[in-house]
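One structure is given below, encoded as structure tokens.
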There are 2 protein chains.
Amino acid sequence: MTRVLAVDDDPSLRRALAINLRARQYEVDLAEDGASALAAAARRPPDVVVLDLGLPDMDGSDVIRGLRGWTQVPIVVLSARAGQGDKVDALDAGADDYVTKPFGMDELLARLRAAVRRGIAGEEAPVVDTASFTVDLAAKEVRTASGEHVRLTPTEWHLLEVLTRNEGKLVPQRQLLQEVWGPQYETETNYLRVYMAQLRRKLEQNPAQPRHLITEPGMGYRLVR
Amino acid sequence: MTRVLAVDDDPSLRRALAINLRARQYEVDLAEDGASALAAAARRPPDVVVLDLGLPDMDGSDVIRGLRGWTQVPIVVLSARAGQGDKVDALDAGADDYVTKPFGMDELLARLRAAVRRGIAGEEAPVVDTASFTVDLAAKEVRTASGEHVRLTPTEWHLLEVLTRNEGKLVPQRQLLQEVWGPQYETETNYLRVYMAQLRRKLEQNPAQPRHLITEPGMGYRLVR
DNA sequence: CCGGCGCGTAAAGAACGCGTCAAAGTCGCC
DNA sequence: GGCGACTTTGACGCGTTCTTTACGCGCCGG
């Protein structure tokens, strides 16, 4: 059963959330402020968190950072209709989605389902294998189709790791550069060219015509099975 | 139940709208001018707004901006005047779609359904598929109906992305140019013609008679399923 | 009936991005 | 201190993409 931790200082909204969620077979924990939310999450790790930003004791973004310190649980934020500043802050702090008050219960439930789906999908998939090679993210290991171990340098691995975690998706050049080399290298696209070439030489059967490490000109790269 | 706010100064048209909409299980609020429309929307937030541009007290675009200040509710505009200027203004101000008077009730209802669907779907719509092709916004990938990958250039993709995010809705030329090429290219409508032609060649089964990438002469383009 | 406007199409040169190679620079380890 | 592995940097050729211009057509208004 899916466990939801719902955090809001308004008792009537807490009650409404609890009733609606339990009616849909969620297991519900409640908290009325940031401190007890963090405590509750630590005591019984939830599968998804619904968090009101307007808590009496702590800033919402700080609650998010407190959770993100040790868990990747999906967080859906509730906010009164005020400015967008706190929304941006919350997303930057690591929230997954955002619902503005007043909201329809249907909408919140839809967002919750989506968040849970993403969360569960995220935990599995440490291994991705293609026709030519297999990437084991947990073991940090790459093997060819014939089972031989492939030696990668740290940078090569890091690049391949980002592509693997986004398997099938196009990863923008900027994101790759930022995650592998850091934010100040966002424009050094030639790094990508050099290292993609090295990865292809080690992993592709025909490096000149790559089948899995695909260039999308002008946009980024993509790992396809 | 879906709530519609219908705004028109003509009492007989208000009545006709109310009867037709209620017959189709919509909950209907009525307003006869801009000020009371804004007040009604604030009192009971609607799921979709039908707005006549020819109101006695306010310019239609100002009503739209008044709503857009705090809500993303879909707005379908009714326009009587032959001129296109006010329609373009309304779309630029944030309207979602428009219907020209005199209109068939069927057409209005179809536009309403499309607008409501978009509104509810909200931010969760990473995949849009038509009879001819499928657009995956998250993966930045386009496939034909037969499943083949379609290669798009960055500009082609960017243009298609904007249209896809506004699926079903008429997107003004100005908005497309601004989002794809930047604010200083707002008048270069020939860019749109060139790139729409390229997209049609790659995506439409019969590029000469596009079924999904539709031109709305003088105003903009629309992606329909 | 004619003229103008907007749209679709085609084609050209210019600009850009990518893959490749080679060499210089950096770091840690023996 | 020297050696090897890894990373960074620069240059070049080639194919692709973007930009710009020109022309023909259809529709609408005069």
Side-chain angles (χ1 to χ4, degrees), chain A residues 140 142 150-161 163 170-174 176-182 184-204 206-222, chain B residues 81-85 87-88 91 100 140 142 149-161 163 170-174 176-177 179-182 184-222:
Chain A
K140 289 196 195 266
V142 188
V150 182
R151 245 189 77 81
L152 296 183
T153 73
T155 307
E156 288 164 1
W157 169 259
H158 203 168
L159 181 56
L160 179 62
E161 186 185 24
L163 288 168
L170 189 159
V171 188
Q173 297 172 341
R174 212 165 287 175
L176 289 170
L177 288 164
Q178 202 173 99
E179 293 202 32
V180 177
W181 282 272
Q184 63 272 41
Y185 292 81
E186 264 185 4
T187 58
E188 303 284 339
T189 57
N190 50 342
Y191 288 13
L192 290 178
R193 299 205 299 272
V194 170
Y195 276 87
M196 286 302 297
Q198 290 177 356
L199 280 177
R200 284 173 179 145
R201 224 174 300 138
K202 293 186 177 180
L203 300 177
E204 291 276 1
N206 180 2
Q209 292 177 7
R211 290 176 50 194
H212 305 107
L213 297 167
I214 304 299
T215 302
E216 302 274 359
M219 303 199 272
Y221 293 85
R222 183 197 307 270
Chain B
R81 296 175 222 166
Q84 295 188 332
K87 292 184 207 165
V88 175
L91 291 170
T100 305
K140 282 195 168 61
V142 186
H149 181 90
V150 182
R151 266 192 46 118
L152 297 184
T153 72
T155 308
E156 288 165 1
W157 169 260
H158 204 165
L159 181 56
L160 179 62
E161 187 184 25
L163 288 169
L170 171 50
V171 187
Q173 295 175 340
R174 212 168 298 173
L176 289 170
L177 288 164
E179 291 202 34
V180 177
W181 281 272
Q184 62 271 44
Y185 290 82
E186 265 185 5
T187 58
E188 303 284 337
T189 57
N190 51 337
Y191 287 13
L192 289 178
R193 298 205 301 273
V194 170
Y195 276 89
M196 286 302 297
Q198 289 178 355
L199 279 178
R200 284 173 179 147
R201 220 174 305 142
K202 292 186 177 181
L203 300 178
E204 291 276 2
Q205 312 205 329
N206 180 3
Q209 292 176 7
R211 290 174 50 194
H212 305 106
L213 297 166
I214 306 299
T215 302
E216 302 272 357
M219 308 215 249
Y221 293 84
R222 182 197 305 268

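Fair warning: this is a prediction, and the values are worked out from it, not measured in the lab. Reminder, nothing fancy here: chain letters follow the sequence lines and each chain counts from 1.
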Atom [atom1] of [X] to atom [atom2] of [N]: distance rounded to whole Å?
X: A:M196; N: C:dG17; atom1: CE; atom2: P; answer: 18 Å
X: B:K202; N: C:dT9; atom1: NZ; atom2: C1'; answer: 16 Å
X: A:I214; N: C:dC18; atom1: CD1; atom2: P; answer: 14 Å
X: A:L176; N: C:dG17; atom1: CG; atom2: C1'; answer: 16 Å
X: B:H158; N: D:dT17; atom1: NE2; atom2: P; answer: 17 Å
X: A:L159; N: D:dT7; atom1: CG; atom2: P; answer: 11 Å
X: A:L192; N: C:dG17; atom1: CG; atom2: P; answer: 13 Å
X: B:L152; N: D:dC18; atom1: CG; atom2: P; answer: 10 Å

Identify each atom pair where a protein N or O and an N or O of nucleotides 25-30 of chain C are less than 3.5 Å apart, giving names and distance.
none

Return a table of donor-acceptor pairs under 3.5 angstrom between the side chains of residues 194-213 of chain B and protein atoms on other chains or two or more places apart.
from	atom 1	to	atom 2	distance (Å)
B:R200	NE	B:L213	O	3.0
B:R200	NH2	B:L213	O	2.8
B:R200	NH2	B:T215	OG1	2.7
B:K202	NZ	B:R151	O	3.0
B:K202	NZ	B:E156	OE1	2.8
B:K202	NZ	B:E156	OE2	3.4
B:E204	OE1	B:R211	N	3.0
B:E204	OE2	B:R211	N	3.1
B:E204	OE2	B:H212	N	2.7
B:E204	OE2	B:L213	N	2.9
B:N206	OD1	B:A208	N	3.2
B:H212	ND1	B:S132	OG	3.3

Minimum heavy-atom separation for B:P154 to A:G218, with atom names?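 Between these two residues, the closest heavy atoms are CG-CA, 3.8 Å.
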Can you name the closest pair of heavy atoms from B:L170 and B:M219 and give their distance?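 Where B:L170 meets B:M219 most closely, the heavy atoms are CD2-CB, 4.3 Å.
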Does a side-chain N or O of B:T153 approach OP1 or OP2 of D:dC18 to a distance below 4.0 Å, or not?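 Answer is yes, contact under 4.0 Å.
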Taking only side-chain N and O atoms of A:R151, does any of them lie within less than 4.0 angstrom of OP1 or OP2 on D:dC6?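 Checking D:dC6 against A:R151, a side-chain N or O does come within under 4.0 Å of OP1 or OP2.
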Side chain proximity check, [X] to [Y], heavy atoms < 4.5 angstrom:
X: A:R222; Y: A:V171; value: no
X: B:L152; Y: B:L159; value: no
X: A:Y191; Y: A:L176; value: no
X: A:T155; Y: A:W181; value: yes

To the closest 0.5 Å, what do you measure between NZ (B:K140) and CD (B:E161)?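 The CD atom of B:E161 is 5.5 Å from NZ of B:K140, to the nearest 0.5 Å.
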Any N/O pairs under 3.5 Å between the protein and nucleotides 8-11 of chain D? List them or say none.
from	atom 1	to	atom 2	distance (Å)
D:dT8	OP2	A:W181	NE1	2.8
D:dT9	OP2	A:Y191	OH	2.0

Between B:R201 and B:Q173, which is nearer to the 5' end of DNA chain C once each is assigned its nearest nucleotide?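 The residue mapped nearer the 5' terminus is B:Q173.
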Which of these nucleotides, D:dT16, C:dC7, C:dT20, is closest to any side-chain atom of B:T215?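 For B:T215, the side-chain atoms sit closest to C:dC7.
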Could you walk me through whether B:Y221 and B:L192 satisfy the side-chain contact (heavy atoms from CB on, under 4.5 Å) test, starting with their C-alpha distance in whole Å, then the side-chain angles of each, then the deciding distance to 0.1 Å, before giving a yes or no? CA-CA 9 Å; B:Y221 293 84; B:L192 289 178; 4.1 Å; yes
